[in-house]
Each structure stands twice: as structure tokens, then as C-alpha cells.
Amino acid sequence: MKKQAELYSGKAKTVYATDDPNQLIMHFRNDTSAFDGEKVAQLERKGMVNNKFNAFIMQKLEAGGVPTHFEKLMTEDESLFKKLDMLPVECVVRNISAGSLCRRLGIEEGMDLEPPTFEFFLKNDQLHDPMINDSHILTFKWATQDEIAQMKALTFKVNDILKALFADAGMLLVDYKVEFGRYQGSLLLGDEFSPDGCRLWDAETRKKLDKDRFRQGLGDVVEAYEEVAHRLGVNLEPIPDNI
Ligand code: 5GP
């Protein structure tokens, strides 16, 4: 599979066409950003860690019955994916209060949320990804009623699978963001799942092991991502040439 023209470069990933019109190569870069691109940095090894972490999680989700766009690892920091027609919305599930939920609702961090909450946000950096609801999605035709139902069901299925996976490795899945896209008549999980787009706390100490370390200037960002990967059993060793 050959990498062709660059199609899109986001804040942390670059997407390339391939010689197959239905497949893409995604390059996970070391660039890290927060606050809609206001805070940026280069973090050594982050691209490699997130590429392998994402591959591991996508395979777990696929095995648990969540259809994803992941095809295979290509290089240390690149993977092959199905080319989706992405829906312009983010789906967020929260098991413990943190982040924008606390700011918006005046709730203190660390409350168990039972049942977990579900929120939609519009993907729009200029507008700072505003929160939206089903009605906005239908009116502005960002997705159909059936796709809304599927996004909710699949995002909660991701929660069931990953909450257990992280719990077994001594971590709490606090919250996460996922995105979906259309592929040949089906809705598939797209984008990535990595510590850049979720909150993970050590179950005992509640030490933050995710991108909040970068957002809040806590340091040892990639070291925390590597710790999460090691606890889960993600192989971060160099990929052999004959893959
Ligand atoms: P919050 O709404 O509290 O800022 O974020 C909720 C969860 O979704 C967090 O785990 C956060 O990392 C993730 N999230 C929300 N928006 C984005 C985004 O634009 N990019 C990434 N990578 N993650 C996001």
C-alpha cells in the first residue's frame, strides 16, 4: 500500500490518500495541542505511542462488536484505515465528572456519574466545539435519526468494553470522545482512541494519566501515555520489517 497525496493535516494527525480509493494512511505526529490550538508542543515518541495504542484499542473494540475503520499498523507512527465520510459531531460519554462538565454545570471534579452522561459537540474549532443536541443535528442535517441512535448505542458499547479493559489494568475511564463516519452504507467508529481524547486516572491514587497532564502543565505527558500502554499490554517495541 503506497502513500500518495496529503489529503488533510489536523492538529495531531496527517491523512494521506493511498492507491486504493477506499483506504487512507494516517500519520500520528508528535504535535500536541490544547484549547483549540492555543497551546502547542512537540512531544517526543507521542506519535508512535498513540499509533500503537489506537491500534490496540480499535482491535479490542472490533472484537467486542464495535465496527471500526482500523485496518492495520503500517509503520511506527502510521496506520491504514478505511476512508470514511465523517459526521461533523463528537460523542462524549462521562463516567466521572471532569473538564467542561464541571465548568459548565458548576460540579466538582471526581463525582461518579450514574448513569454515565452522553453529550454531542459540533466539530468546529472556531466556535470552540459547541455542545449541540439531537434537534440541532436533525435540523442542520449533520446526521439522520437512525445515525444518532447508532452513535449513542455504539458510544455506550465502547464504554462497556473500555471501562472493563482499563479497570482490569488499575485505571478509571473518566470520559472520552469518539467520532463516527459513513462507509458503504454502515456507520463505523473513526478518528482515533488514545490518551489525547480521553481521561484516565489511576484507580488508587486518581493520578491523571492522559492529556490533562499537558493541558494543566503537570509534565511527564508521554511517560504517562507509555505507562497506560504498558499496563494494558500494548506492544510499543519497534515493528519488525516483515509486517
Ligand atoms: P471536555 O468536554 O471535558 O473538554 O472533554 C471530554 C472528553 O472528550 C475528554 O476526554 C477530552 O479529552 C475529549 N475531547 C473533547 N473534545 C476533544 C477534541 O476536540 N479533541 C480531542 N482529542 N479530545 C476531545
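Ligands are counted one by one from 1 in listed order, and the atoms in each one are counted from 1 as well.
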- Message: Looking at Glu223 and Arg213, is any side-chain nitrogen of the basic one under 4.0 Å from a carboxylate oxygen of the acidic one?
- Response: no
- Message: Within the 4.0 Å heavy-atom shell around Cys198, which atoms of ligand 1 are there?
- Response: 10 (O), 12 (O)
- Side chain, backbone, both or neither: the part of Glu90 lying under 4.0 Å from ligand 1 by heavy atom: side chain
- Query: Hey, would you say the Phe70 and Phe81 ring centroids sit under 6.0 Å apart?
  - Reply: yes
- Message: Is it the case that ligand 1 has an N or O less than 3.5 angstrom from some N or O of Lys211?
- Response: no
- Query: Knowing that exactly one of Arg231, Lys207, Lys208 qualifies, which makes a salt bridge (charged side-chain N to carboxylate O under 4.0 Å, His left out) with Asp202?
  - Reply: Arg231
- Item | Considering all heavy atoms, the nearest Glu62-Pro67 contact | OE2-CA, 3.7 Å
- Message: Among Asp125, Asp31, Asp196, exactly one meets salt bridge (charged side-chain N to carboxylate O under 4.0 Å, His left out) together with Lys11. Which residue is that?
- Response: Asp125
- Task: Number the atoms of ligand 1 from 1 as they appear, then name those within less than 4.0 Å of a heavy atom of Asp196, with their elements.
- Result: 12 (O), 21 (C), 22 (N), 23 (N)
- Item | Distance from atom 1 (P) of ligand 1 to nearest protein heavy atom, with residue and atom | Ser100 OG, 3.4 Å
- Message: Please work out, at 4.0 Å between heavy atoms, whether the side chain, the backbone, both, or neither of Asp210 comes within that distance of ligand 1.
- Response: neither
- Looking at Asp129, which atoms of ligand 1 are within less than 4.0 Å of one of its heavy atoms? 19 (O)
- Query: Does Arg94 approach ligand 1 within less than 4.0 angstrom via side chain, backbone, both or neither, non-hydrogen atoms only?
  - Reply: side chain
- Around atom 7 (C) of ligand 1, find the nearest protein heavy atom and jot down its residue, atom name and distance. Asp175 OD1, 3.5 Å
- N/O of Arg103 under 3.5 Å from N/O of ligand 1, yes or no? no
- Gly99 heavy atoms, cut-off 4.0 Å: which ligand 1 atoms fall inside? 3 (O)
- Item | Spacing of Phe35 atom CZ and His128 atom NE2 [to the nearest 0.5 Å] | 12.5 Å
- Message: Quick test of your reading of the structure: of Met131, Arg215, Lys177, Glu119, whose heavy atom lies closest to atom 14 (N) of ligand 1?
- Response: Lys177
- Task: Report the part of Lys11 in contact with ligand 1, treating N, CA, C, O as backbone and CB onward as side chain, heavy atoms under 4.0 Å; options are side chain, backbone, both, neither.
- Result: neither
- Message: Does the plane of the ring in Phe120 sit parallel, tilted or perpendicular to the ring in Phe118? Use 30° and 60° as the thresholds.
- Response: perpendicular
- Task: Take atom CD of Glu204 as the centre, draw a 6.0 Å sphere, and report whether it contains more than 12 heavy atoms from other residues, nucleotides or ligands.
- Result: no
- Message: Exactly one of Asn95, Val93, Val158, Ile96 should register a side-chain contact (heavy atoms from CB on, under 4.5 Å) with Leu173. Which one does?
- Response: Asn95
- Tell me, which protein residue and heavy-atom name are nearest atom 5 (O) of ligand 1, and how many Å apart are they? Arg199 NH1, 3.6 Å
